[in-house]
> 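Following this message is one structure expressed as structure tokens.
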Amino acid sequence: MAGPTPPVSLMRQLGAALNASAAEASNDADAEYLQASARPEVVAVAGRLAQVMVANDLSELATLWQAKHADEPPHKN
């Protein structure tokens, strides 16, 4: 099983899917973008990218929290 897709790769995939949608929207209208055959790919890749970005942010936040609290004595009840 392959590991997670890097954000840069997902950004490239999203760009390609958006370009494919734009190619179908000759009048540059929102309705045309929403009806483009590439729209499901846009949504899927955007969702995966958002998931990776949130996971990265949460991981970074956890690392910062652990570093901040590593030197604190345990709380007494």
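Only this structure's heavy atoms are used, side chains among them; waters, hydrogens and symmetry mates stay out. In this chain, numbering begins with 1 at the start of the sequence shown.
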> For the CG atom of L64 and the NE2 atom of H69, what is their distance to the nearest 0.5 Å?
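Between atom CG of L64 and atom NE2 of H69 there are 11.5 Å.
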> Below 4.5 Å, heavy atoms only, C-beta onward: do D28 and E32 meet side chain to side chain?
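A side-chain contact is absent here, since even the closest heavy-atom pair is not under 4.5 Å.
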> Compare every heavy atom of P7 with every heavy atom of N56, then report the nearest pair and how far apart it is.
ND2-CG, 3.9 Å
> Quick check: is V43 connected to M53 through a chain of hydrophobic side chains (ILVMFWY, heavy atoms under 4.5 Å apart)?
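No, it is not one cluster - the side chains of M53 and V43 are not joined through contacts under 4.5 Å.
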> So, for V45 and L14, which heavy atoms are closest and what is the spacing to 0.1 Å?
CG1-N, 3.5 Å
> State the CD-CG distance between E41 and L18, to the nearest 0.5 angstrom.
10.0 Å
> Could you pull out the closest heavy-atom pair between A17 and A38, with the gap in Å?
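Heavy-atom minimum between the residues: O-CB, 3.9 Å.
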> Quick one: pull up OG in S9 and CE in M11 and give me the separation to the nearest 0.5 Å.
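So the gap between those two atoms works out to 10.0 Å.
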> When you group the ILVMFWY residues by side-chain heavy-atom contacts below 4.5 Å and let the links chain together, are Y33 and V42 in the same group?
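V42 and Y33: separate clusters.
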> To the nearest 0.5 angstrom, please state how far the CD atom of Q35 sits from the CD atom of E24.
10.0 Å
> Taking S59 for its side chain and A55 for its backbone only, find out whether a donor-acceptor pair lies under 3.5 Å.
no
> Do you know which two heavy atoms are closest between A29 and A25, and how far apart they sit?
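Scanning both residues, the minimum pair turns out to be O-CB, 4.4 Å.
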